[in-house]
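Worksheet: the structure to be examined is printed underneath.
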Number of protein chains: 2
Amino acid sequence: MKQKITLKKIAKEFGVSISTVSKALKDSHEISSEVKEKIQAFAKYYHYKPNSLALNLRNQKTKTIGVIIPEIVHHFFTKVITGIEKLANEKGYNVMICLSNESYEKEVLNLDMLANGVVDGIIASVAKETESKEDYRHFTELINNGIPLVMFDRVVDEIECNKVIADDKGGAFLATEQLIKNGCSNIALVTTPDYVTVGLERKEGYLKALKEFQIPENIELIVTIDDQKSIEDQLSFLFRGNNIPDGIFAVNEIYAATVMKVARKFGYSVPEDVEVIGFTDGLISEFTSPSLTTVAQHGRSMGQKALELLLDEIDSQEAHYQYKTNLIQTDLKIRNSTKKVQLQN
Amino acid sequence: MKQKITLKKIAKEFGVSISTVSKALKDSHEISSEVKEKIQAFAKYYHYKPNSLALNLRNQKTKTIGVIIPEIVHHFFTKVITGIEKLANEKGYNVMICLSNESYEKEVLNLDMLANGVVDGIIASVAKETESKEDYRHFTELINNGIPLVMFDRVVDEIECNKVIADDKGGAFLATEQLIKNGCSNIALVTTPDYVTVGLERKEGYLKALKEFQIPENIELIVTIDDQKSIEDQLSFLFRGNNIPDGIFAVNEIYAATVMKVARKFGYSVPEDVEVIGFTDGLISEFTSPSLTTVAQHGRSMGQKALELLLDEIDSQEAHYQYKTNLIQTDLKIRNSTKKVQLQN
DNA sequence: TTTTCTTACGAAAACGTTAGAGTGAATTTT
DNA sequence: AAAATTCACTCTAACGTTTTCGTAAGAAAA
């Protein structure tokens, strides 16, 4: 194993001081060109690179940013990461990814670890468990410690920091509106428990659309999925009564894809009998049959924007930095789970 | 912004030396219990945590491992990461993820960056571009610098290091064999260019099965996909001639899902007219219709095994460490894109 | 009483780097 | 010739921690 080359070793080699070497490599005018040249040549030959750990310690920064996400096996989050990573690389930052696995405890642990000087700032989307516990002290403490934080997608109102969210309500409205304009009047919603903020937002968008088009809301058409149990079973009852929905809006891809599966099982065809719209950036939508009309979330843009805000805060010298909340537009990606109706606008 | 609390500050508070504080917090017997108690109480109250950067520098290790993957928007890789991350957390390691985006240059950059003391070891899957260039000097240099490296999935034979690979050939054999036993005799292969090692392995498994069952191989049934062009277009010709395949084995999920889409477009139904098997751990397979029979790769196990090997090497003191190559078994996950034939074994 | 041994702490080096302050010698200015 | 300036370096502190070594004071042993 080749020993790492350091300033000290180079200094010894030439019988000069460490600072001379350091300055020579920085092309300082304090050093004679003769000495500079030989030192630089030597350093180049041995691939000298300043030790990052030493620089981190000295500069009190790591040029690394931490990302905490609930799940990585999730297309939306990987899209966000792609956005973060790309910009980070351009700006010379590394990305450290931590998974909370939707667990409060692990989120706290991750935050704790990252806060300890490992990263210059953090981008996070909060775990479902944390949302249900409503305990956000770990985030507050982070901010008190002066570590820049940007929340994305699943954000919490009580925390003051930069935020990036998708226009969940708007997207849900768009989807529901589309179903209505396509002629649906008995529109079901498949959603998450209310503590999942994005689910709640999307439900509100759905309700808003119903109201605007004067369709009475019907509790029986709102299915709240418990992820612990079989999704298919929970969806079955939608197709059992004598009031089968003609349109279904699902707040994520899995729910939407599953709903189509169940509909087919009950002998209904999509989109002829039931139209379905999902909410996602996911891959599945393209490959279901029929392919799934969805509300696109633009995960990459979210990631990129989140990092922009973070770097903005990191670089900011202002005593009273003004936090921003950035809304990423969502829009409909029409595929084949909805009818191709000529809309007269 | 609350100032970070350090040993120095605690020392000042009590008018003792830094070393006393350090020792007190470590419960050293050299310090009187009286002093220890008050220092510990104080430290606890102010949430003292040793600064990671300083520890990194002093210990010459970071308790962080780097992972370089070609793509994160890819279910297989996220599974691997999940496996790595879980074990890493148990062992007190952090995970730093870098994306090469299949680019040689970015892979070199990432490696360079990680090599500089940022991580204690690296787990990598090589970029397609690197595979096609066959230039692996950046990996060699890494090893020369004494940084433990584990390659997974897309590994390179020339590099001596720990490796974890899926039994690609075996899995492909299994898939092809299944098709044959189901009665297919005109079996197509949809694969990547040969420089993608895993693609090549899978092709070999396919060929081996054909040979073993004495089915002549037919060049016309082997489609090599160029990812730059439309996948659908490249697959169309399979269904145009008068020699339509009755079985198709695709080396990944997207190809398999697309093949089904194209088959349907040409009026063939799966699995009645054509049976299809993919190779993946992906999510899509469950939601296509019919759902896709696949060769499961066990990404999580790969990730976990890769980290095990890495930690093994990191912890190893031996001058001549013996590298291992670990083969992760693959197996068939039968869904509905293949016929349910009663096999008489 | 002198020597040895504990006890309880402090000093210093080390990890690798940077940057400001210092220094002796040569050169220029007055 | 004395004073000031420039040159080309070196020294030192600092980032925060750990750990080995040193040492003063008091206790125990001789």
Side-chain angles (χ1 to χ4, degrees), chain A residues 2-40 42-43 46-64 113 115-120 145-147, chain B residues 2-40 42-43 46-64 113 115-120 145-147:
Chain A
K2 204 163 64 187
Q3 276 283 67
K4 262 261 135 190
I5 184 103
T6 65
L7 291 185
K8 194 196 260 186
K9 288 188 192 134
I10 303 181
K12 200 168 177 186
E13 181 73 23
F14 291 100
V16 296
S17 77
I18 293 175
S19 20
T20 302
V21 178
S22 173
K23 285 171 182 166
L25 293 178
K26 293 208 122 60
D27 231 348
S28 161
H29 63 274
E30 291 183 36
I31 309 296
S32 68
S33 18
E34 189 195 357
V35 174
K36 275 200 285 197
E37 271 164 33
K38 66 182 186 186
I39 288 183
Q40 284 170 5
F42 185 89
Y46 284 104
H47 299 114
Y48 170 78
K49 293 240 329 211
N51 178 294
S52 307
L53 303 183
L55 287 181
N56 289 348
L57 182 58
R58 169 157 237 280
N59 302 329
Q60 294 290 79
K61 62 182 176 188
T62 60
K63 278 280 182 181
T64 299
M113 183 268 294
N116 229 35
V118 184
V119 296
D120 296 345
N145 282 329
I147 295 169
Chain B
K2 207 163 62 187
Q3 275 284 65
K4 262 260 136 194
I5 184 105
T6 65
L7 291 183
K8 195 195 260 186
K9 287 187 192 135
I10 303 181
K12 199 167 177 187
E13 180 73 22
F14 291 101
V16 296
S17 77
I18 293 175
S19 22
T20 302
V21 178
S22 175
K23 286 171 186 167
L25 293 177
K26 295 210 118 60
D27 230 349
S28 162
H29 62 273
E30 290 183 35
I31 308 296
S32 67
S33 14
E34 190 196 356
V35 174
K36 275 200 286 198
E37 270 163 34
K38 65 182 184 186
I39 288 183
Q40 284 170 5
F42 185 88
Y46 285 103
H47 299 115
Y48 170 77
K49 293 241 330 215
N51 178 294
S52 307
L53 303 183
L55 286 181
N56 289 348
L57 181 59
R58 168 157 237 279
N59 301 331
Q60 295 291 76
K61 61 182 176 188
T62 60
K63 279 279 182 181
T64 300
M113 183 270 294
N116 228 35
V118 184
V119 296
D120 296 345
N145 281 329
I147 296 169

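Chain letters run A, B, ... following the sequence lines, proteins first and then strands; every chain starts at 1. Only this structure's heavy atoms are used, side chains among them; waters, hydrogens and symmetry mates stay out.
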Exercise. Looking at residues at least two apart in the chain, or sitting in another chain, which of them share a side-chain hydrogen bond (donor to acceptor under 3.5 Å, both in side chains) with Lys49(B)?
Worked result: Asp112(A)
For this session: Using a 4.0 Å heavy-atom cut-off, write out nucleotides 15-21 of chain C from 5' to 3' as B (base contacted by protein), S (sugar-phosphate only) or - (no contact).
Result: BBBBBBB
Seminar exercise, completed: For Lys63(B), the salt bridge (Lys or Arg N to Asp or Glu O under 4.0 Å) test, sequence neighbours excluded, returns none
For this session: Identify, with sequence neighbours excluded, every residue that meets salt bridge (Lys or Arg N to Asp or Glu O under 4.0 Å) alongside Glu13(B).
Result: none
Problem set entry | Separation of atom CG in Asn56(B) from atom P in dT17(D), rounded to whole Å | 12 Å
Exercise. With Gln60(A), which residues qualify under side-chain hydrogen bond (donor to acceptor under 3.5 Å, both in side chains), at least two apart?
Worked result: none
Exercise. Whole Å only: how far is the CG atom of Asp27(A) from the P atom of dA8(D)?
Worked result: 14 Å
For this session: For Tyr48(B), enumerate each residue passing the ring pair (Phe, Tyr, Trp, His ring centres under 6.0 Å) test, keeping only those at least two apart in sequence or located in another chain.
Result: none
For this session: Whole angstrom is fine here: how far is it from NZ in Lys38(A) over to C1' in dA8(D)?
Result: 12 Å
